[in-house]
2 protein chains.
Amino acid sequence: MAAVATREQIVAAADRLFYHHGYEHTSFADIAGAVGLSRGNFYYHFKSKDAILDAVIDARLADTRRMLEQWEAEASTPAGRIMRYIEIVLTNRADIQDYGCPVGTLTTELAKLEHAMLGQAGRLFAVFRTWLREQFALIGPAEQADELAMHVLAFSQGVAVMANAFRDEAFIQREVDRMRDWLHTYEK
Amino acid sequence: MAAVATREQIVAAADRLFYHHGYEHTSFADIAGAVGLSRGNFYYHFKSKDAILDAVIDARLADTRRMLEQWEAEASTPAGRIMRYIEIVLTNRADIQDYGCPVGTLTTELAKLEHAMLGQAGRLFAVFRTWLREQFALIGPAEQADELAMHVLAFSQGVAVMANAFRDEAFIQREVDRMRDWLHTYEK
DNA sequence: GTCTATAATTCGATAGAC
DNA sequence: GTCTATCGAATTATAGAC
């Protein structure tokens with residue numbers, strides 16, 4: 001198999017396994033097994049577990065930026081774009097109930113491990129924060145835009161943790177409705 | 001040393017280490033080292049790592065119930081008691097910025113490990129949920145009490161995850177202020 | 001590029017002396 | 001109740017054949 005294709009398969013498998021079972025709990029053997037590769041050959045593509053994590057975060061950053069561009073193309077108003085973010089806990093409710101938020105849970109885990117890649121993972125949050133801030137700046141005072149962005153991020157993380165803990169779909173829907181009402185008070 | 005005192009020391013050390021570094025990342029050697037015990041002697045007190053986790057959760061449940069009783073003794077109104085919960089992210093802001101919420105991060109980790117003790121950890125959330133529900137039932141319709149309790153829990157988890165990710169103390173204060181305003185609209 | 005074999009370490013857990 | 005010694009399995013990572 002071409003090295004590039006194998007590398008992409010490894011990153012995709014690691015991404016999924018890190019999300020489902022956590023970074024530390026996922027071993028090389030798990031990733032190799034998921035791709036159908038021997039452990040030995042693994043080191044031809046990635047020289048360390050940290051290197052895989054780095055590649056996974058890069059891939060998630062690229063995916064996130066692609067998603068945000070798509071939202072900008074599909075939703076015509078800033079409030080509509082913010083709602084796309086808010087509704088992500090509804091769109092991904094099945095995964096969120098099983099595994100929590102991919103960004104939040106990775107950041108939480110890396111913080112406890114005092115892992116060198118924690119700063120890299122923080123960039124995932126930062127991409128959403130910057131994008132939300134830009135949307136809020138279009139419908140209200142620029143001084144408030146960042147704290148409103150942080151409020152929306154905190155909403156998504158709170159819902160994700162509780163939905164994961166209680167596996168309660170109705171709860172997610174109620175919190176999204178509550179957030180929609182809140183957003184309407186800011187909507188231009 | 002008396003077995004009871006040693007056991008309590010082990011539970012206290014494990015509690016702290018599980019919170020700071022996570023359950024899986026904490027080894028027997030870490031706990032034994034913190035208590036000043038040899039690895040071998042460890043198994044006289046606990047026969048498995050799961051048994052320690054069980055004891056840690058029991059200790060946290062007892063601590064939580066004690067704290068809630070104290071809040072009931074100190075705050076005369078239901079809204080005042082709910083505010084005590086909301087302000088916990090401010091009271092414990094140093095630990096929360098470093099390690100997140102002890103309940104939320106443990107539950108998140110155990111869910112990913114598909115650990116048998118996940119249900120036990122869920123009881124920690126349930127204790128807060130039940131208590132908050134009771135407080136809300138005293139100031140409004142009983143049908144809404146549980147979803148308001150869940151909303152407050154989600155608030156605390158969202159703030160904890162974001163405060164841990166960005167280490168932003170001003171953010172915590174702003175979110176608490178926002179929540180205080182929200183609570184006043186329900187206050188009797 | 002992929003494999004087998006294996007080194008070096010750490011893990012949870014046990015046995016048995018004192 | 002505490003210790004040392006150790007087991008067996010799993011971990012990350014390397015070496016070298018093909």
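Computed from a prediction, not measured in an experiment: that's the story for all the values here. Residue numbers begin at 1 in each chain, while the letters A, B, ... track the order of the sequences.
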ask   = In terms of side-chain heavy atoms, does A/D30 have a donor or acceptor partner in A/S27 at a distance below 3.5 Å?
value =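 A/D30 vs A/S27: donor-acceptor pair found between side chains.
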
message = For B/H115, give me all partners under ring pair (Phe, Tyr, Trp, His ring centres under 6.0 Å), at least two apart in sequence or on another chain.
response =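 Per chain and number, B/H115 pairs via ring pair (Phe, Tyr, Trp, His ring centres under 6.0 Å) with B/Y23.
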
message = Is any side-chain heavy atom of B/F42 closer than 4.5 Å to one of B/V35?
response =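 Answer no - side chains too far apart.
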
query = Are A/W131 and A/E69 close enough that some pair of their side-chain heavy atoms sits under 4.5 Å apart?
reply =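 A side-chain contact under 4.5 Å is absent here.
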
N/O contacts under 3.5 Å, protein versus nucleotides 6-10 of chain C?
none

For [X] and [N], what is the distance between atoms [atom1] and [atom2] respectively, to the nearest whole Å?
{"X": "A/E24", "N": "D/dA10", "atom1": "CD", "atom2": "C1'", "answer": "13 Å"}
{"X": "B/F28", "N": "D/dT6", "atom1": "CZ", "atom2": "C1'", "answer": "16 Å"}
{"X": "A/H21", "N": "D/dA10", "atom1": "NE2", "atom2": "C1'", "answer": "17 Å"}

key: Set of side chain to side chain donor-acceptor pair (under 3.5 Å) partners for B/E169, sequence neighbours left out   =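 B/R93, B/Q97.
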
key: Residues that A/T108 engages under side chain to side chain donor-acceptor pair (under 3.5 Å), provided they are two or more places apart   =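 Here no residue qualifies.
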
key: C/dC11 OP1/OP2 closer than 4.0 Å to side-chain N/O of B/T26   =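 No, B/T26 has no side-chain N/O under 4.0 Å of OP1/OP2 on C/dC11.
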
message = Tell me whether the side-chain N/O atoms of A/S38 come closer than 4.0 Å to OP1 or OP2 in C/dG1.
response =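 Looking at the OP1 and OP2 atoms of C/dG1, neither is under 4.0 Å from any side-chain N or O of A/S38.
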
message = Per the salt bridge (Lys or Arg N to Asp or Glu O under 4.0 Å) rule, what does the pair list look like for residues 134-155 of chain B, sequence neighbours excluded?
response =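 Salt bridge (Lys or Arg N to Asp or Glu O under 4.0 Å) check on residues 134-155 of chain B returns A/R174-B/E147, B/R129-B/D146, B/R133-B/D146.
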
query = Does one hydrophobic cluster hold both B/I86 and B/Y186, with members joined at side-chain heavy-atom distances below 4.5 Å?
reply =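 Yes, because B/I86 and B/Y186 connect within a single hydrophobic cluster, where side-chain heavy atoms sit under 4.5 Å apart.
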
task = Give me the residues of residues 41-53 of chain A where at least one heavy atom lies under 4.0 Å from an atom of DNA chain C, by number, or none.
result =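 Nucleic-acid contacts, sorted: A/N41, A/Y44, A/H45.
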
